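Being a predicted model, the structure only gives us computed values, none of them experimental. The sequence lines fix the lettering, A, B, ..., with proteins before strands; numbering per chain opens at 1.
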Amino acid sequence: MQEFLQQIVNGLTIGSVYSLVALGYTMVYGILKMINFAHGELFMIGGYLGLSLVAAFGLAAAVSSPVLGLIIVFFLVAGLAALIGALVERVAYRPLRRSSRLAPLVSALGASIFLQNAIMLIYGTGYKVYPDNLVPNVTWTLGGVEISLIRLLILGLSLFLMALLYFLVQKTQLGAAIRASALDHDTARLMGIDVDKIVTLVFIIGPALGAAAGIMVGLYYRQINFTMGWAYGLRAFTAAILGGIGNIPGAMVGGLLLGLFESLAAGYISAAWKDAITFFILILILILRPTGLLGERVAEKV
Amino acid sequence: MRNKLWPNSPLWLGILGATALIFPFAANDYWVTVANFFGIYSLLGLSLNIIVGYAGLFNLGHAAFYAVGAYTTAILNTRVHLPILLLLPVSALMAAVFAYVITRPILHLRGDYLAIVTIGFGEIVRIALNNNPLELTGGPNGIFGIGRPVVFGFILRQPWHYYFLIWTLVLLTILALRRLETSRIGRAWNYIREDDLAAEAMGINTTSLKLLAFVLGAALAGVAGNLYATSMTVIAPESFTFWESVVMFSIIVLGGPGSIPGVFVGTLGMFVLPELFRQFAQARMLVFGAAMMAMMIFRPEGLWPSQHWRRAVAEEEEKAPPGPGSGEKAGLAGGTARGE
């Protein structure tokens, strides 16, 4: 039982990271009906930029735990990633808005290769390591289950960001514009919504959340690599499908569920086959319930 | 237009054929090896072209079929000592059966969803190979000591030996595919790609024809896998990653989907060109990614499109309603017009 609960805690932690990245996929899909293959790279770039800023600010050498510094790092990295995200949309996707479905797919793969190699050229091929004293290494034991501070922080911050996004999309006028654009571009335009601006906005919010997740992974596992965008991106995408792609609460639930699945599969079935099981679940969902768990809106026609 | 684009005048073919025959004797082993890989990747491109170009099914997991072919050859050759050339059809058959089994339940998926499921299958195959099920695949180290093909008692060892084996198969494939393109099946694939509901209404059995595209494509990829295994004599899961599938997919899209000469142009761009720029080792992939984006923006129909696809792209642009972004559209259409 203790082990089971421990796996649940682990799963929720990593699952909340998947949720944050999945939101970027699902929002872009909701509005443009395209898979933004470059999104995983923005998550990875977030991890690298975070590391650079932590080093630049000398946070590791700070006497007390550098809370304020970390918050600034989060904001700066989110802003920079949003800038890169909006740039990618402008350069690689917007000119292809009306072309066949193949073109954006390939362009997205090209953007992904470009960003990944840009980071590799800047930072080198090896693993980069986050300093270990950014978050105090505090662990509470609750009925035999170990809960560390970093896990609580990741879970709490992710849930906070998700709640913020949910509020933005469901309760504000801007959110209404986003939802309207996702339903029908032309009608939204007739209602006076600048759809291009909304698309840019989505490419700002998604990468900002993804980049925050990148820093979290850096703080949690402490190792980052330029190829990690692909691995996390694919799992996050699975999470988005699991919840029902295009559906924002779906991505949140999907991410948490996938995290749970994964850590239970690793704990009770086999760690080596963990990823294969994840993909198997993805395929099973697409065959049996292509709308996902919470999904209603799904691309029917090519 | 077709006559202008397809080099089927006897003069052209003669020059091309003579160059191909002289090449392995004029070039050094390194370049002959590059030419061999050019052949293997062209074969993979041609095989994926059946699925993506003809039938319009997005397959981003083609490396899985390639892997099944290569591992079938490797396992049966190193364990049971079956000759390589006998394993050529066996590998094709295994890859085809594998394709049948995995694609049967996913054929109803469309577009991006199919792409995602095939990515999933590709990754599952790679992970499975890595995990060494039943001690068969050798885990991350793979399988080594794969034999050489024997033709009438002559053992193929040198790169130029393989050159002739590989390119003979490529040539046979081209001839077969050109017949297939214009056959009843090829035309049915065209209809399915353009509108599979309408095709179904016309009495085309879309499910079995889509399945056929996957099975044929996989069989051909299995052949490529066999050739790869024997020319390398060692294979490992890292040769069958998602990246390989992306390269194959990009070959099709860069060259122009559904176009046989396009596959070769695409392979030149995706495989041979990066090879030429190997001295710029690391930066070349950066340029490569940028080139993929630029290509889609300025020439979305591919470098050497089939006539059919070219028309489809042009129509798509005419249909585009005015609105924000139409300015860029006009520029894009202008670019295409110049291209033609």
Side-chain angles (χ1 to χ4, degrees), chain A residues 29 33-35 88 91-118 120-121 125 185-186 189 194-197 230 234 237-238 241 245 270 272-283 286-287 290 298-302, chain B residues 52 56 58 60 102 105-106 108-113 115-117 119-121 123-124 127-128 130-131 196-197 242 246 249-250 252-254 257 282-298 300-301 309 312-313 316-317 319-321 323-326 328-329 331-332:
Chain A
Y29 197 94
K33 304 284 174 288
M34 68 163 278
I35 302 167
V88 167
V91 173
Y93 302 150
R94 188 168 299 182
L96 299 172
R97 197 74 64 73
R98 290 177 204 283
S99 59
S100 75
R101 289 178 73 98
L102 266 174
L105 193 67
V106 175
S107 187
L109 288 170
S112 168
I113 294 169
F114 180 85
L115 292 175
Q116 194 174 327
N117 282 279
M120 187 197 77
L121 288 174
T125 51
H185 285 207
D186 293 332
R189 226 170 251 132
D194 187 341
V195 174
D196 278 339
K197 275 218 182 88
W230 164 242
L234 201 52
F237 185 79
T238 305
I241 297 253
I245 193 150
S270 156
W273 289 91
K274 179 185 79 163
D275 286 341
I277 293 167
T278 307
F279 291 120
F280 189 68
I281 291 170
L282 167 70
I283 292 166
L286 281 176
I287 293 172
V298 162
E300 271 303 322
K301 198 80 178 80
V302 177
Chain B
V52 178
F58 290 5
L60 270 171
I102 66 164
I106 61 169
H108 63 281
L109 296 172
R110 293 162 196 263
D112 296 347
Y113 278 78
I116 292 299
V117 171
I119 291 176
F121 276 123
E123 284 296 289
I124 290 176
I127 294 164
N130 243 326
N131 286 340
D196 70 350
L197 276 178
F242 173 68
V246 169
F249 194 81
S250 308
I252 308 295
V253 180
L254 292 189
Q282 301 199 305
R284 74 195 162 116
M285 293 311 297
L286 189 78
V287 178
F288 183 71
M292 275 170 80
M293 288 187 269
M295 178 72 205
M296 285 302 104
I297 292 164
F298 298 112
E301 76 274 30
W309 201 277
V313 169
E316 194 99 25
E317 271 157 19
K319 262 190 297 188
S326 62
E328 291 144 33
K329 210 61 223 171
L332 183 57

Honestly, the part of A:L234 sitting under 4.5 Å from a heavy atom of chain B is side chain

Cut-off 4.5 Å, heavy atoms of chain A, and the answer for B:I119 is side chain

The interface call for A:Y93 against chain B, heavy-atom contacts under 4.5 Å, is neither

Turns out that what part of A:W230 lies under 4.5 Å from chain B's heavy atoms comes down to side chain

Next on the checklist: Surrounding CZ of A:F280 (heavy atoms of other residues, nucleotides or ligands, distance under 6.0 Å), is the total greater than 12?
Outcome noted: no

Interface check, chain B: of A:S270, A:A118, A:A111, most non-hydrogen pairs under 4.5 Å belong to A:A111

Query - Min side-chain heavy-atom separation B:I106-A:L286 under 4.5 Å - result: no

(Q) The test is salt bridge (charged side-chain N to carboxylate O under 4.0 Å, His left out); show your working for A:R189 and A:D194 and say whether it passes. (A) CA-CA 6 Å; A:R189 226 170 251 132; A:D194 187 341; over 6 Å; no

Bottom line for B:A294: the part with an atom under 4.5 Å from chain A's heavy atoms is neither

With sequence neighbours left out, the residues meeting side-chain hydrogen bond (donor to acceptor under 3.5 Å, both in side chains) with A:S112 are A:E41

Cut-off 4.5 Å, heavy atoms of chain B, and the answer for A:L115 is neither

Notebook entry, point to check: In terms of the angle between their ring planes, are B:F58 and B:F249 parallel, tilted or perpendicular, with boundaries placed at 30° and 60°?
Noted result: perpendicular

Note: vs chain A, highest number of non-hydrogen pairs under 4.5 angstrom among B:N131, B:I252, B:V117, B:I127 is B:N131

Whatever's closer than 4.5 Å to a heavy atom in chain B on A:L282 counts as side chain

Sorted by chain and number, sequence neighbours left out, side-chain hydrogen bond (donor to acceptor under 3.5 Å, both in side chains) with A:Q116 holds for none

Cut-off 4.5 Å, heavy atoms of chain B, and the answer for A:L105 is side chain

(message) A side-chain contact here means heavy atoms from C-beta on lying under 4.5 Å apart; do A:V106 and B:M293 qualify?
(response) no

